[in-house]
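Shown next, in structure tokens, is the structure this report addresses.
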Amino acid sequence: MTDKVIEAINSGTLTADNLTHETLREKYKRQPYEYGPEALSRGRGIFDDTDQLDQYLYSYGKMGNEQWEKQFEFSMIDGDTTIIDYGCGQGLSFLNLVCRWSHDDDKTWQDYLKSVILIEPSQIALNRAQAIAQLKFPDATIRTIHKKLEELDNDDLSFDANKVTIHIFSQILDITLTDNFNLLEFFETITSTIGTHYIHVVSHEVDDMNDQQNILKLYKYIVNKHVHVDDPTDEICLVLKTDPKEPRKVRKIATHMALNTFNTQRNNKSYTAMFACITTY
């Protein structure tokens with residue numbers, strides 16, 4: 001089955017100006033399955049057809065947009081920027097980021113965004129997210145990585161050393177990860193390039209708070225290791241599954257930290273969001 005979103009982009013029906021997180025859901029949500037949440041494994045499955053993508057917009061798209069409504073207020077640092085979306089799905093969180101946030105000056109994302117890295121295990125979702133990113137930012141380099149979070153290696157994490165790197169973790173850290181995946185080492189690796197790193201973690205309501213243990217673990221780790229420390233110098237080995245190389249010395253300081261749980265007025269659903277700004281020297 002063809003992807004109606006990609007068709008609309010190719011035909012010019014969807015443009016960089018009219019494509020937002022809201023129009024994506026409103027125009028392309030469908031209910032092809034009688035029991036949508038089950039067909040999507042409660043939104044946590046790896047999708048293999050466009051029916052599932054459209055069903056996700058129908059069943060979970062509103063929730064996906066709502067979790068960005070009460071995000072943290074802060075001023076973006078102006079400079080060449082890379083956005084990395086881990087578990088990007090079809091690009092809904094990416095759209096929320098670039099449509100909701102702006103810079104303080106009269107410039108736009110087009111002036112600063114140099115590259116976008118989309119990481120996703122579903123090829124059909126990755127194709128749609130790539131088409132959306134290319135439409136919104138035709139002059140940026142769009143790179144796709146067809147892997148799960150735990151499968152990323154050193155080559156995948158060779159990011160451009162831009163002044164600003166934005167890391168999006170939307171509804172990904174509340175999913176149980178494999179036992180051999182070290183989240184804290186992963187965090188140190190992705191923030192090891194020189195520059196400013198914005199870490200954005202958002203999660204929808206879960207039945208058991210233990211499902212959010214990765215979010216809380218990461219928050220506590222950053223606070224303990226990178227906030228109000230006497231010696232922020234750290235040895236960072238820029239590897240994950242490859243053989244260790246000689247680590248280099250970097251300095252990391254967390255300049256902003258926030259953990260927020262909030263409800264929406266529409267249905268009183270609760271969401272958890274974490275924000276951190278890490279400066280690496």
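- With sequence neighbours excluded, the residues satisfying side-chain contact (heavy atoms from CB on, under 4.5 Å) with Asp80 are Lys114, Asn162.
- Every residue two or more places apart in sequence or in another chain was checked for a salt bridge (charged side-chain N to carboxylate O under 4.0 Å, His left out) with Lys27, and none qualifies.
- When the side chain to side chain donor-acceptor pair (under 3.5 Å) test is applied to Glu7, the partners found at least two apart in sequence or on another chain are Thr2.
- Thr191 meets the side chain to side chain donor-acceptor pair (under 3.5 Å) test with Lys252; sequence neighbours excluded.
- With sequence neighbours left out, Glu26 forms a side-chain contact (heavy atoms from CB on, under 4.5 Å) with Lys29.
- Partners of Asp48 under the salt bridge (charged side-chain N to carboxylate O under 4.0 Å, His left out) rule, at least two apart in sequence or in another chain, do not exist in this structure.
- Linking Ile, Leu, Val, Met, Phe, Trp and Tyr whenever their side-chain heavy atoms come within less than 4.5 Å leaves Ile6 and Leu14 in two separate clusters.
- Grouping the Ile, Leu, Val, Met, Phe, Trp and Tyr side chains by contacts below 4.5 angstrom, directly or via other members, places Leu259 with Leu173.
- Between the side chains of Asp3 and Asn127, no donor-acceptor pair of N or O atoms lies under 3.5 Å.
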Side-chain polar contacts of residues 84-92 - donor-acceptor pairs under 3.5 angstrom, sequence neighbours left out - could you list them?
unit_1, atom_1, unit_2, atom_2, d
Tyr86, OH, His167, ND1, 2.8
Gln90, OE1, Arg128, NH1, 2.6
Gln90, NE2, Leu53, O, 3.1

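- A salt bridge links Arg30 to Asp51: one of the charged nitrogens lies within less than 4.0 Å of a carboxylate oxygen.
- Closest non-hydrogen pair, Leu183 versus Leu218, comes out as CD2-CB, 4.3 Å.
- Lys148 meets the side-chain contact (heavy atoms from CB on, under 4.5 Å) test with Ile46, Pro121, Glu150, Glu151; sequence neighbours excluded.
- A salt bridge (Lys or Arg N to Asp or Glu O under 4.0 Å) check over residues 272-281, counting only residues at least two apart or in different chains, returns nothing.
- Partner of Phe137 under the side chain to side chain contact (heavy atoms under 4.5 Å, CB included) criterion, chosen from Val98, Ile83, Ile132: Val98.
- With sequence neighbours left out, Thr141 forms a side chain to side chain donor-acceptor pair (under 3.5 Å) with no residue at all.
- When all heavy atoms are compared, the tightest approach of Gly79 to Lys163 is CA-CD, 4.0 Å.
- Under the 4.5 Å side-chain heavy-atom criterion for ILVMFWY residues, no single connected hydrophobic cluster contains both Tyr33 and Tyr56.
- With sequence neighbours left out, the side-chain contact (heavy atoms from CB on, under 4.5 Å) criterion links Asp179 to no other residue.
- Closest heavy-atom contact between Leu118 and Leu126: O-CD1, 3.7 Å.
- In the hydrophobic cluster analysis, where Ile, Leu, Val, Met, Phe, Trp and Tyr join through side-chain heavy atoms closer than 4.5 angstrom, Phe169 is grouped together with Val223.
- By the side chain to side chain donor-acceptor pair (under 3.5 Å) test, Tyr58 pairs with Gln31, sequence neighbours left out.
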